[in-house]
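Because only heavy atoms are used, hydrogens play no part in the values below, and waters and symmetry mates are left out as well, while side chains stay in. Computed from a predicted model, the values in this text were never measured in an experiment.
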Amino acid sequence: MTKMNVLPNSPEARDVAYHFHGYTNAATHEDKGPMIIDRGEGIYVYDTSGKRYIEALSGLWCCAVGFNEPRLAKVAAAQMAKLPFYHNFGHKSHEPAIDLAEKLISMAPVEMSKVFYTNSGSEANDTVLKMIWYRSNALGQPNKKKVIARQRGYHGVTIASGSLTGLPNNHRSFDLPIDRVLHTTCPHYWKDGHDGETEEEFASRCANDLETLIQAEGPDTIAAFFAEPVMGAGGVVVPPKTYWKKIQEVLNKHDILLVADEVICGFGRTGHMFGSETYGMRPDVMVMSKQLTSGYVPFSAFLVNERFYAPVAQESGQIGVLGHGFTGGSHPLGSVIALENLAIIEERGLVQNASDTGSYFRGHLATLLDHPLVGEVRGVGMIAAVELVNDKASKSVTGPIGHLGGMMNAALQKHGVISRNLGDAIAFCPPMITTPQQADDLFAIIKLALNDVTQAVNAS
């Protein structure tokens, strides 16, 4: 491990001295230090040395419109001058929050009733779980409190949303998951399909696994199913074609709510405005963040249908108040940025661009399938992953999980691309403004990085 070679009072040294990072090896960080990003421009970011990088993960799946959209800065400045903060407690409101709620309800692919504002995807999913318990009590169903999520699913990192998340490192040493949260099969056919099992048969098995879990726990104890249309942080897992139809049938059979976590998929990432639209899902709740404001400010929301909302409203009437809310929920700054961001997405046809340029880019990635270190290429719209293996026959990696992925991530960064390895899968989720020429540039660097990793593997 190389010690930092920096001046004592440099930003890097001060970062190590004072800044506690998320999703970082804290012990390693004390030796390695940070890469400090200084500015953004379109799909690019620049570090403090002036080196330019293609930000191939849109920050953290966020920046649909890129990293320096002047229209968002303009509306933010105007709102800061007019009303920099207000809340929605005790019957208070403001027009940006009202306008945005109306807009989101009009955009929903299925009929929705109300919008609740939060500050992050984690908070939104946490709140939905609380509301589900509240709703079950309102309906006189005190035992209908369990919820099901999926292995490798990602729903956040609070105590509740971190429990919904189905990734081991989000549970280890945190005493998670909490009770009432269960997990079922991840719909990754390439990795988890049985020998000789067709994709259709695998989809049926996933639905049967869900049915079996529901029956084992008791259908009258299961309140909701949380799922991303396409799994993001779990490795960009694209479900089999008939998966969602089969899952929805199981949920309908047992009167179980469907919560669609659209935090990554929402606002065009899958080539439609919502992932639920891409897969014909009919959710009762839609959770959204990230591309809602292109990440320019922390902001999130969830939509609920009347089936979900009516019992909650009635219960708050019985109690006298809905005892939940956030100081920053409905923040006017987030509201106006979201409205302008959505307007840009619509006016510039970015959903169609995600479909068209995304398909073009994924076509490039598909040419890597013959490479000895590439096990699978997967994706939809402008979200994709390349799964690295060193044993193609068994679809696996010999050695520590994430070692190959980490090597590839480092090689990409060396050549001017910032991405993220999810284990040994390299995720790509560039801004939705990406052009075909920029997709070509990105792919050229991916090939360079893959050559570097190949040489390192062959030399070891």
Check ring-ring contact (aromatic ring centres under 6.0 Å, His included) between Phe274 and all other residues, then give those that pass, not counting sequence neighbours.
->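 With neighbours one apart ignored, the set is Phe267.
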
Using the six-membered ring wherever Trp is involved, compare the ring planes of [X] and [Y] and label them parallel, tilted or perpendicular (cut-offs 30° and 60°).
X      : Y      : value
Trp244 : Phe225 : perpendicular
Phe226 : His155 : perpendicular
Tyr154 : Tyr23  : tilted

For [X] and [Y], which I'm curious about, is there any donor-acceptor pair between the side chains at under 3.5 Å?
X      : Y      : result
Gln352 : Asp356 : yes
Asp126 : Ser161 : no
Asp192 : His188 : no
Asp220 : Asn143 : no
His183 : Arg150 : no
Lys114 : Asn305 : no
Ser300 : Glu123 : no
Asp47  : Tyr53  : yes
Gln291 : Arg269 : yes

[X] atom [atom1]: more than 12 heavy-atom contacts under 6.0 Å:
X      : atom1 : answer
Ile159 : CD1   : no
Asp175 : CG    : no
Gln314 : CD    : no
Met35  : CE    : yes
Glu102 : CD    : no
Glu111 : CD    : no
Arg180 : CZ    : yes
Lys51  : NZ    : yes

Please tabulate, one pair per line, all N/O donor-acceptor pairs under 3.5 Å involving side-chain atoms of residues 91-98, not counting sequence neighbours.
unit_1 : atom_1 : unit_2 : atom_2 : d
Lys92  : NZ     : Gly90  : O      : 3.4
His94  : ND1    : Ala97  : N      : 3.4
His94  : NE2    : Ser330 : O      : 2.6

Looking at [atom1] of [X] and [atom2] of [Y], how far apart are the two atoms once the value is rounded to the nearest 0.5 Å?
X      : Y      : atom1 : atom2 : answer
Cys265 : Ile383 : SG    : CD1   : 6.0 Å
Gln248 : Arg282 : CD    : CZ    : 8.0 Å
Met281 : Leu251 : CE    : CG    : 9.0 Å
Ile401 : Asn421 : CD1   : CG    : 12.0 Å
Glu262 : Glu277 : CD    : CD    : 9.0 Å

Would you say the ring centroid of His331 lies under 6.0 angstrom from that of Phe85?
-> yes

Could you tell me if the ring centre of Tyr243 sits under 6.0 Å from that of Tyr189?
->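 Centroid separation for Tyr243 and Tyr189: 6.0 Å or greater.
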
Derivation and outcome, salt bridge (charged side-chain N to carboxylate O under 4.0 Å, His left out), residues Glu387 and Lys191 = CA-CA 10 Å; Glu387 183 91 24; Lys191 185 177 287 288; 3.6 Å; yes

Ion pair check, [X] and [Y], cut-off under 4.0 Å:
X      : Y      : value
Arg14  : Glu12  : no
Glu249 : Lys245 : yes
Arg152 : Glu228 : no

Which atom of [X] lies closest to which atom of [Y], heavy atoms considered:
X      : Y      : result
Met432 : Ala354 : SD-CB, 3.8 Å
Gly358 : Met382 : N-CE, 3.8 Å
Pro187 : Pro240 : O-CD, 3.6 Å

Who are the side-chain hydrogen bond (donor to acceptor under 3.5 Å, both in side chains) partners of Gln141, not counting sequence neighbours?
->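 Gln141: no side-chain hydrogen bond (donor to acceptor under 3.5 Å, both in side chains) contacts found.
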
With distance as the sole test, does [X] use its side chain to make a donor-acceptor pair with the main-chain N or O of [Y] at under 3.5 Å?
X      : Y      : result
Gln438 : Thr435 : yes
Ser106 : Lys103 : yes
Thr270 : Gly381 : no
Ser419 : Ile426 : no
Ser136 : Tyr134 : no
Ser163 : Val181 : no
Tyr117 : Ser335 : no

Measure the shortest side-chain to side-chain distance between Pro431 and Ile43 over non-hydrogen atoms and say whether it is less than 4.5 angstrom.
->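 They are in side-chain contact.
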
Is Val336 close to Glu340 at the side-chain level, that is, under 4.5 Å between some pair of heavy atoms?
->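 A side-chain contact under 4.5 Å is absent here.
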
The single option from [options] passing side-chain contact (heavy atoms from CB on, under 4.5 Å) against [X]:
X      : options                : answer
Ile345 : Ile433, Val65, Asn353  : Val65
Ile132 : Thr127, Val259, Asn137 : Val259
Val285 : Leu257, Val128, Leu258 : Val128

Working for side-chain contact (heavy atoms from CB on, under 4.5 Å), residues Arg307 and Arg135 | CA-CA 10 Å; Arg307 174 192 180 201; Arg135 177 181 181 272; 3.6 Å; yes

Test Ile418 against Leu412 for side-chain contact (heavy atoms from CB on, under 4.5 Å), laying out the working first.
-> CA-CA 7 Å; Ile418 294 175; Leu412 285 167; over 6 Å; no

